[in-house]
Amino acid sequence: MSLADLRSALNAELSATPEYYDFKVLHSERDGVLWRVTLEQGYVFAEGQRPGTASAQALLDDSLDGASAWWGAPAKGGASVLAVLSEDDQLVLQNASGAPPPAGHLIRLYPTRFLNAVADAWWDTAWAEQALACLPDLSSPQPLHGGAVLTGEPFRWLRPAQRAALALAGHSSAFLWGPPGTGKTTTLGVLLAEYLDRHPSARVLLLSTTNQAVDQATLAVDKALQKGRREPLRPTLQRLGTRFDAAAYAGREHLIPTQDRELITRLARAEGQRPSARDALALKAWADRVANLRDELRRASLQVLQRCRLVSMTTTRAAFTLKTLRELTPGGEPPFDLLVFDEASQVSLAHALVLMPLGRARLFAGDPRQLSPVQRSDDRLARRWLGRSAFAEMPRGGPAVALLDEQSRMAQPIGELVSQLFYDGALRVAADAQASAGWLAERQRVLADIGAAVHVHVHRVKTDGGWVASERGPVRRESAEAIADLLARALASGHWQPEELIVLTPFRAQRALIRQRLRALGLPESLRVSTVHRAQGSEAPVVLFDPADGAQPFLHGEDAQRLLNVALSRAQAKLVLFVSPADAAGPLLAPLMQRLRLAADTREARPLLELARDPGFPANAMGQRVRAGRHEGEVARISADGSQFWLVNARTGAEQPIDTEFWRRRAREAGALAGA
């Protein structure tokens, strides 16, 4: 693939990316010098798109931190977004020029377009050629010679696969594949702590997709250094950026560069004081002040970067500060010995590649079977470069790939379901979890009328969901009512706390409807109801999953399977699925439902070889539970000419084609051998 193709992909994606989003205000209130603006659930309009289209589905998440806010009625005004409280559908605004609009009015957000920064880097031809030259290394990593071996000796509790993953630091590009509950962030923290200790002059750039993920990864390294009794190294870690969770750094304030924080606050305040364009002199003075502050911030960031051993930031900030990062070393040499992408499955290949020349070696940590990069354009090249991550180039195996295969989150039946549906059966409950009476007891709890030993429960609903124009999305009232009733009974029992229960749905409209039903019953506001996209990285003892409308095209294809994986794998003890007939037959849930059905089927499987000896084969196998070599399942359908039939695999729930003549021939050969 050429540089021209990559630039074409970026142009296509930029053209398909709205420059602004309009949200409807539900409530505005002052909070000291800040404003809290609560938005109407489910209402979003993307520039150039009709409400409800895929590109109009703006998620309230970290990507809107730092966005510019504007409103035109009842009086014009503006502000900057200090923070987004996604679960509350709330914006925290700073530097507002006036009161934000009241209920019923619109507020417009202009998000920071990080893709512009990525595109700018790709139009720097010299740098772009270096970046594109890194692509072959992803699929063919090379061993690094002369480096110290990481043993993880102080961390005796590491599981075998976690300990083996420490060897990834010895490759030019490497992949830490961490399925849900396998301790990927903990493993990454130990690896980087060991790396800093064993390589005394090495420098690390740690990146992740959201501020929360950066916090978690940074704290994991600091905790590993603390547990490994490597106190002198802890002050050499620095977390750049201001949108961190301050409470998480209590007792770990050494990770935050105070000067950087103050500078960005001053810059944000100055940017919020932009004068009218009609006053040219004031506008020029304002622009100069902002430019000077940006230069000061750049110099301060450069000083922090030069003095620390490990610096962490979001991938977005890395794109915007790429020029500063490149200037850390003269002569074009990589400024970092190790460049780490956490949650790398959500970083587009174009974004990752343009940062890769910053490191002599690169490590990608994440899970390619969970959420992929957000990509809006239908362009083929945009899908190639922006809809896939570096994991798409990962080798099939070898020493540069480590799969963490033991999980300690999900009860065995839930974990087995996730393992078979999404990980080819490779994922299993960790031995230390299985041996823990406390761990097992936490996963043996009654939920309303669902017994303690039942971990996966299907709640059948009669009605299928559908698009409702007034709700601006797919909704289903029957499942919303059933969810509210189940949660009410669970809380009334006194055995469950609100924070132990989470409701997930793919659609914002259904999320809004479920929240309405919870409020109508007077249930606590602390009950979490979230879209699946916002749930990656979270977990709860009980997960209630409502697909709302399994027939929606959005729930078809590979991306939908990743979404389902995220939804199911959040559950620790109980997974409750709300399923209608259309949901059960749709491509999203059909394999899951088939697997659950066949798991409850007690019929003995008949050898397919035995059935193939009969002249009536394959008709005699229809509806039978059969065993064919390593595979077992039920024969579901037969082609019109009888040359092929389909087996519903009992392990995965998926249909697999079987060649009739192949099994007839095997039956004849077996008969001939028996006769001889």
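We count residues from 1, following the sequence as given.
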Undergrad: Treating Ser345 as the side-chain partner and Asp367 as the backbone partner, does any N or O pair qualify as donor plus acceptor under 3.5 Å?
TA: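 Here the side-chain-to-backbone pair exists.
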Undergrad: Could you go through Leu207 and Met313, starting from their C-alpha distance and side-chain angles, then the distance that decides it, and tell me whether this counts as side chain to side chain contact (heavy atoms under 4.5 Å, CB included)?
TA: CA-CA 5 Å; Leu207 307 175; Met313 64 181 75; 3.4 Å; yes
Undergrad: Which value, rounded to the nearest 0.5 Å, describes the distance between Thr187 atom OG1 and Leu192 atom CG?
TA: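 If I round to the nearest 0.5 Å, the distance is 11.0 Å.
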Undergrad: State plainly whether the residues Arg239 and Asp222 are in salt-bridge range, i.e. N to O under 4.0 Å.
TA: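 Salt bridge absent between Arg239 and Asp222.
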Undergrad: Do the side chain of Arg508 and the main chain of Thr531 share a donor and acceptor less than 3.5 angstrom apart?
TA: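 No; zero donor-acceptor contacts below 3.5 Å.
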Undergrad: Could you walk me through whether Gln346 and Gln370 satisfy the side chain to side chain contact (heavy atoms under 4.5 Å, CB included) test, starting with their C-alpha distance in whole Å, then the side-chain angles of each, then the deciding distance to 0.1 Å, before giving a yes or no?
TA: CA-CA 9 Å; Gln346 297 183 65; Gln370 295 198 52; over 6 Å; no
Undergrad: Locate the shortest heavy-atom distance separating Ala352 from Val347; write the atom from each residue and the value.
TA: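 Answer, listing the atom of Ala352 first, then Val347: N-CG1, 3.9 Å.
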Undergrad: Keeping Arg570 on the side-chain end and Val566 on the backbone end, is there a donor-acceptor pair under 3.5 Å?
TA: yes
Undergrad: If you compare all heavy atoms of Val354 against all heavy atoms of Pro357, which two are closest, and at what distance to 0.1 Å?
TA: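 So the minimum-distance heavy-atom pair works out to O-CD, 3.8 Å.
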Undergrad: Checking Phe175 now: which residues fulfil ring pair (Phe, Tyr, Trp, His ring centres under 6.0 Å) with it, not counting sequence neighbours?
TA: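 Phe175: ring pair (Phe, Tyr, Trp, His ring centres under 6.0 Å) contacts with Phe364, Phe391.
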Undergrad: If I compare all heavy atoms of Thr316 with all of His351, which pair ends up nearest, and what's the gap?
TA: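 Scanning both residues, the minimum pair turns out to be N-CE1, 4.2 Å.
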Undergrad: Any side-chain heavy atom of Leu237 sitting closer than 4.5 Å to one from Leu196?
TA: yes
Undergrad: What's the shortest heavy-atom distance between Leu386 and Ser348, and which atoms?
TA: O-CB, 3.5 Å
Undergrad: How long is the gap from CD on Gln306 to OG1 on Thr329, to the nearest 0.5 Å?
TA: 10.0 Å
Undergrad: Does Tyr423 have any ring pair (Phe, Tyr, Trp, His ring centres under 6.0 Å) partners at least two apart in sequence or in another chain, and if so, which?
TA: none
Undergrad: When you compare the side chain of Leu93 with that of Ile107, does any pair of heavy atoms fall below 4.5 Å?
TA: yes
Undergrad: For the pair Arg7 (side chain) and Leu3 (backbone), establish whether a donor and an acceptor sit closer than 3.5 Å, ignoring hydrogens and angles.
TA: no
Undergrad: Output a table of donor-acceptor pairs, distance under 3.5 Å, between side-chain atoms of residues 331-338 and any protein atom two or more places apart or on a different chain; print 'none' if there are none.
TA:
residue	atom	partner	partner atom	Å
Asp337	OD1	Arg360	NH1	3.4
Asp337	OD2	Arg203	N	2.8

Undergrad: Please name the pair of heavy atoms, one in Ala350 and one in Trp122, separated by the smallest distance, quoted to 0.1 Å.
TA: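 Where Ala350 meets Trp122 most closely, the heavy atoms are O-NE1, 3.0 Å.
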Undergrad: State, yes or no, whether a side-chain contact exists between Val84 and Leu91 at a heavy-atom distance under 4.5 Å.
TA: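 A side-chain contact exists here, since the closest heavy-atom pair is under 4.5 Å.
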Undergrad: With heavy-atom distances below 4.5 Å as the criterion, would you say the side chains of Trp385 and Leu353 are in contact?
TA: yes
Undergrad: Applying salt bridge (charged side-chain N to carboxylate O under 4.0 Å, His left out), which residue pairs with at least one partner in residues 167-187 are found, sequence neighbours left out?
TA: Lys184-Asp342, Lys184-Glu343
Undergrad: Name the orientation class of the two ring planes belonging to Tyr21 and Phe23 (parallel below 30°, tilted from 30 to 60°, perpendicular beyond 60°).
TA: tilted
Undergrad: Between Gly359 and Leu339, what is the shortest heavy-atom contact and its length?
TA: CA-CB, 4.1 Å
Undergrad: Begin with the C-alpha distance, continue with both residues' side-chain angles, and end with the deciding distance and a verdict on side chain to side chain contact (heavy atoms under 4.5 Å, CB included) for Leu310 and Thr236.
TA: CA-CA 6 Å; Leu310 181 148; Thr236 69; 5.9 Å; no
Undergrad: Distance-only, no hydrogens or angles: does the Arg309 side chain make a donor-acceptor pair with backbone N or O of Pro200 under 3.5 Å?
TA: yes
Undergrad: I'd like to know if the side chain of Ser419 reaches the main chain of Leu427, judged simply by a donor and an acceptor atom lying under 3.5 Å from each other, with no hydrogens or angles considered.
TA: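 Checking the backbone N and O of Leu427 against the side chain of Ser419, a donor-acceptor pair under 3.5 Å is found.
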Undergrad: Just by distance, do the side chain of Ser8 and the backbone of Ala4 share a donor-acceptor pair under 3.5 Å?
TA: no
Undergrad: To the nearest 0.5 Å, tell me how far Leu349 CG sits from Leu6 CG.
TA: 7.5 Å
Undergrad: Quick one: which residue pairs count as a salt bridge (charged side-chain N to carboxylate O under 4.0 Å, His left out) with a foot in residues 125-145, not counting sequence neighbours?
TA: Asp137-Arg362
Undergrad: Between Arg562 and Pro368 (side chain of the first, backbone of the second, donor and acceptor by atom type, cut-off under 3.5 Å), is there such a pair?
TA: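 Between the backbone of Pro368 and the side chain of Arg562 there is a qualifying donor-acceptor contact (under 3.5 Å).
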Undergrad: Return the CG to CG distance between Leu225 and Asp197, rounded to the nearest 0.5 Å.
TA: 8.0 Å
Undergrad: Working to the nearest 0.5 angstrom, can you tell me the gap between Glu13 CD and Asp378 CG?
TA: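 Atom-to-atom, Glu13:CD and Asp378:CG are 9.5 Å apart.
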Undergrad: Determine whether Leu363 and Leu191 satisfy the following criterion, side chain to side chain contact (heavy atoms under 4.5 Å, CB included), listing intermediate values before the conclusion.
TA: CA-CA 11 Å; Leu363 173 62; Leu191 186 153; 4.1 Å; yes
Undergrad: So, taking the atom named NZ in Lys323 and the one named CH2 in Trp127, what distance separates them when rounded to the nearest 0.5 Å?
TA: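 Taking NZ in Lys323 and CH2 in Trp127, the distance rounds to 13.5 Å.
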Undergrad: State whether the side chain of Asp379 and the backbone N or O of Leu381 hold a donor-acceptor pair below 3.5 Å, judged by distance alone.
TA: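 Yes; judged by distance alone, with no hydrogens or angles, the pair exists.
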Undergrad: Counting only N and O atoms by type, is there a donor-acceptor contact under 3.5 Å from the side chain of Arg198 to the main-chain atoms of Ala148?
TA: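 Here the side-chain-to-backbone pair does not exist.
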Undergrad: For a quick test of your reading: what N or O donor-acceptor pairs under 3.5 Å do the side chains of residues 139-147 make, sequence neighbours left out?
TA:
residue	atom	partner	partner atom	Å
Ser139	OG	Pro136	O	3.3
Gln142	NE2	Ser140	O	2.9

Undergrad: Would a 4.5 Å heavy-atom cut-off, applied to side chains only, mark Val214 and Arg317 as touching?
TA: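 No, too far: nothing below the 4.5 Å cut-off.
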